[in-house]
Amino acid sequence: MQDVAPYFTRSDGAYVFARWGRPIVPVVFGVDDATLAVFKGAIEAVVVLANHKMDELDTEIGANLMVFFCHDWAELAEVPHLDRLVPDLVPLVARLQQADANQYRIFRFDDAGGIKAAFVFLRMDNHLAQVPADTLALSQAVQVILLWSDMAFTDKPPLALMHGNAVLRPEVADVIRAAYDPVMPQASRDPSHALRLGARVQRPV
C-alpha cells in the first residue's frame, strides 16, 4: 500500500482532499490557437486518466476551469468581470507581484466539498517562457485534477523526463486514478481517507 497522505497533508498539518464533482469545462485565455489546443489536449488526457468527464458547458458558471496567461500580474485587473469570479482580485494581484510569483491556482467547492471550479493564473516570466508548452500544460492539468497539498510537489515534481519528453510520474498517475474511484468520496478531511486511497493504489512489482 502506497502512503498517499503526504499528497494531501498541508503545511499546517491538516489533511484536505477534494476531487472534481462535476464534468470539467476548460477555457484558456491569452494564448494562440496552437497553445490552446495543447492545453485542452493535456487536460483531456488527465481527465481520461482519472476516468472523469469533460463537457462543453457548466450549467451554473459556463466554464469551470479557467486558465489565464499574462506577462504582468497587473493585466489581471483589466480582465472584464474577473473580479466577480475572483473576490479580492486587486489585493491578490498585489500579493503575487510582491512574491514575484509566476503561477497561482484558486479552487471553488460545491456543497459536498468537491471541486466545482478552478482558476489558474500563469505569468510568463523568463522561467515559464523556457518551459515547452506541452510540459507546462500537462503540469497544470495534473495540479488542478485534485486539490493537492501545498507541499505535495516541493521535493519531487509531478512530471519526469523520459527520452526527452515530459511524462506524468507513474506514482502520481496511480493516485489520480485511485482518487476518482467511484466508491471514494469527493472530499475528505479525515486522515483515514489516505489509508483507503492508498489501498487502491496498485503498482506492478
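All values below come from the heavy atoms of this structure, side chains included, with hydrogens, waters and symmetry mates left out. Predicted, not measured: the structure shown is a model, and the values here were computed from it.
Within 6.0 Å of CE on Met151 lie no more than 12 heavy atoms contributed by other residues, nucleotides or ligands. Atom CD of Glu44 is surrounded by 12 or fewer heavy atoms from other residues, nucleotides or ligands within 6.0 Å. In the displayed structure, Arg189 atom CZ is contacted under 6.0 Å by at most 12 heavy atoms of other residues, nucleotides or ligands. By the 6.0 Å contact criterion, CG on Asp32 is enclosed, its count of non-hydrogen atoms from other residues, nucleotides or ligands being greater than 12. Within a 6.0 Å sphere centred on CG of Asp111, other residues, nucleotides and ligands contribute 12 heavy atoms or fewer.
Note on ring orientation: taking the six-membered ring where Trp is involved, the planes of Phe8 and Trp148 are parallel (angle under 30°, cut-offs 30° and 60°). In this structure, Trp73 and Phe121 have perpendicular ring planes: the angle between them is above 60°, well past the 30° mark.
Arg19 places a side-chain N or O within donor-acceptor distance of the main-chain N or O of Ala179, the cut-off being under 3.5 Å. A distance-only check finds no donor-acceptor pair linking the side chain of Ser139 to the backbone of Thr135 [under 3.5 Å]. For the pair Asp55 (side chain) and Pro23 (backbone), a donor-acceptor distance under 3.5 Å is absent. The backbone N or O of Pro157 sits less than 3.5 Å from a side-chain atom of Arg169, completing a donor-acceptor pair.
Val167 and Val38 sit in two unconnected hydrophobic clusters of ILVMFWY residues. Membership requires side-chain heavy atoms under 4.5 Å apart, directly or through other members.
Side-chain contact annotation: Ser192 with Asp190, donor-acceptor N/O pair under 3.5 Å present. A donor atom on one side chain and an acceptor atom on the other are found under 3.5 Å apart for Arg105 and Gln143.
For Asp72, the salt bridge (Lys or Arg N to Asp or Glu O under 4.0 Å) test picks out no residue, with sequence neighbours left out. Under the rule for a salt bridge (Lys or Arg N to Asp or Glu O under 4.0 Å), Glu78 has no partner lying at least two apart in sequence or in another chain.
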Between Phe39 and Leu136, is a side chain to side chain contact (heavy atoms under 4.5 Å, CB included) present by the stated rule, with each step listed?
CA-CA 8 Å; Phe39 259 77; Leu136 183 60; 4.1 Å; yes
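The side-chain heavy atoms of Gln130 and Met124, taken from C-beta on, include no pair separated by under 4.5 Å. By the 4.5 Å heavy-atom criterion applied to side chains, Val120 and Tyr104 are not counted as neighbours.
Under 4.0 Å is where a charged nitrogen must lie from a carboxylate oxygen, and between Asp88 and Arg95 no such pair does. We find that Arg123 and Glu75 are not joined by a salt bridge, their nearest charged nitrogen and carboxylate oxygen being 4.0 Å or further apart.
Taken from CD in Glu60 to CZ in Arg108, the straight-line distance is 12.0 Å, to the nearest 0.5 Å. Here the CG atom belonging to Asp58 is positioned 11.0 Å from the CG atom belonging to Leu65, to the nearest 0.5 angstrom. Taken to the nearest 0.5 Å, the CG atom of Leu82 stands 5.0 Å off from the CG atom of Leu89. Between atom SG of residue Cys70 and atom CZ of residue Phe29 there is a gap of 13.0 Å, rounded to the nearest 0.5 Å. Distance check: Ile115 CD1 to Arg22 CZ gives 11.0 Å after rounding to the nearest 0.5 Å. Taken to the nearest 0.5 Å, the CG atom of Leu122 stands 6.0 Å off from the CD atom of Gln103.
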